[in-house]
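FYI, side chains are in, hydrogens and waters are out, and symmetry mates aren't considered; it's all heavy atoms of this structure. In this text the structure is predicted, and so the values were computed from the model without any measurement.
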Amino acid sequence: MITITDNAVSHLQSLLKDREVAGSQGLRIAISKGGCAGLQYDMSLDSAQAGDTTIEKGGVRVLIDEASSSFLKGSTIDYCDDLAGTGFRIQNPNATRSCGCGTSFEPASETASAAQ
């Protein structure tokens with residue numbers, strides 16, 4: 001299960017409204033190789049694809065492809081605006097370490113094995 005905070009929902013509602021695509025798109029979160037810790041989070045506005053996990057809250061959607069879902073299980077998606085930066089942040093219990101900027105992580109060995 002992935003949790004989406006009220007702050008994340010509110011910002012995503014505003015973002016989609018500004019782009020006039022609220023009914024057709026959501027925030028896609030994907031995991032790819034890269035970053036200073038091994039894997040990185042990729043985020044974009046996108047439409048749902050076959051095989052996606054779709055999480056809906058407050059009239060918005062978060063979309064996660066099948067390959068990324070095991071890396072994100074149990075995560076919390078938040079939106080922050082503070083001294084560390086502005087943007088969506090992922091609190092991921094499957095990460096054994098994260099880089100300083102929070103955009104990449106090293107997965108727990110059992111998570112990485114299950115995803116392959």
Side-chain angles (χ1 to χ4, degrees):
M1 167 115 170
I2 295 171
T3 303
I4 306 166
T5 67
D6 291 341
N7 282 343
V9 168
S10 178
H11 187 74
L12 188 53
Q13 287 169 334
S14 176
L15 185 64
L16 291 171
K17 181 180 176 188
D18 289 347
R19 296 176 190 266
E20 299 179 5
V21 293
S24 63
Q25 292 193 331
L27 177 66
R28 176 168 300 283
I29 301 174
I31 306 298
S32 63
K33 291 183 181 181
C36 48
L39 295 176
Q40 63 187 8
Y41 300 109
D42 295 322
M43 295 184 204
S44 62
L45 295 179
D46 195 9
S47 298
Q49 306 293 321
D52 282 348
T53 297
T54 302
I55 302 138
E56 294 189 38
K57 182 177 178 182
V60 296
R61 292 185 258 167
V62 173
L63 311 167
I64 301 167
D65 65 89
E66 190 174 348
S68 300
S69 63
S70 64
F71 290 108
L72 293 166
K73 189 180 296 182
S75 293
T76 298
I77 313 300
D78 195 9
Y79 183 84
C80 300
D81 185 3
D82 56 29
L83 291 175
T86 299
F88 291 100
R89 294 201 191 138
I90 300 172
Q91 298 167 350
N92 189 342
N94 304 301
T96 57
R97 72 178 180 92
S98 295
C99 68
C101 62
T103 60
S104 68
F105 70 99
E106 180 180 330
S109 58
E110 60 273 4
T111 304
S113 297
Q116 294 178 0

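Classified by interplanar angle (parallel below 30°, tilted 30° to 60°, perpendicular above 60°), the ring pair Tyr79/His11 is parallel.
Distance check, rounded to the nearest 0.5 Å: CD1 of Ile77 to CG of Asn7 gives 13.0 Å.
Checked against Val60 for a side-chain contact (heavy atoms from CB on, under 4.5 Å), the options Ile4, Leu27, Leu12 give a single hit: Leu12. Residue Gln13 is tested with Val9, Leu16, Leu15 for a side-chain contact (heavy atoms from CB on, under 4.5 Å); the sole match is Val9. Among the candidates Leu39, Ile31, Asn92, the single residue satisfying the side-chain contact (heavy atoms from CB on, under 4.5 Å) test with Pro107 is Leu39.
The side-chain heavy atoms of Asn94 and Leu72, taken from C-beta on, include no pair separated by under 4.5 Å. You'll find the side chain of Lys57 stays beyond 4.5 Å of the side chain of Thr3, heavy atoms only. Side-chain contact between Phe88 and Ile29: absent, with no pair of heavy atoms (C-beta onward) separated by less than 4.5 Å.
For the residue pair Lys33 and Gln40, the shortest heavy atom distance occurs at O-NE2, 4.0 Å. Shown here for Ser70 and Ala67, the closest heavy-atom pair between the two residues is OG-O, 4.2 Å.
Around CD of Gln49, the count of heavy atoms belonging to other residues, nucleotides or ligands within 6.0 Å exceeds 12.
Arg28 pairs by the salt bridge (charged side-chain N to carboxylate O under 4.0 Å, His left out) definition with Asp46, Asp52, not counting sequence neighbours. Legend: residues meeting side chain to side chain donor-acceptor pair (under 3.5 Å) with Ser68, ordered by chain and number and at least two apart, are Asp65.
When hydrophobic clusters are built by joining Ile, Leu, Val, Met, Phe, Trp and Tyr residues whose side-chain heavy atoms come closer than 4.5 Å, directly or via intermediates, Ile55 is not grouped with Leu63.
Between the side chain of Ser69 and the backbone N or O of Glu66 there is at least one donor-acceptor pair closer than 3.5 Å. Checking side-chain atoms of Thr96 against main-chain N and O of Glu106 turns up a donor-acceptor pair under 3.5 Å.
For residues 73-85, the salt bridge (charged side-chain N to carboxylate O under 4.0 Å, His left out) pairs, not counting sequence neighbours, are Asp82-Arg89.
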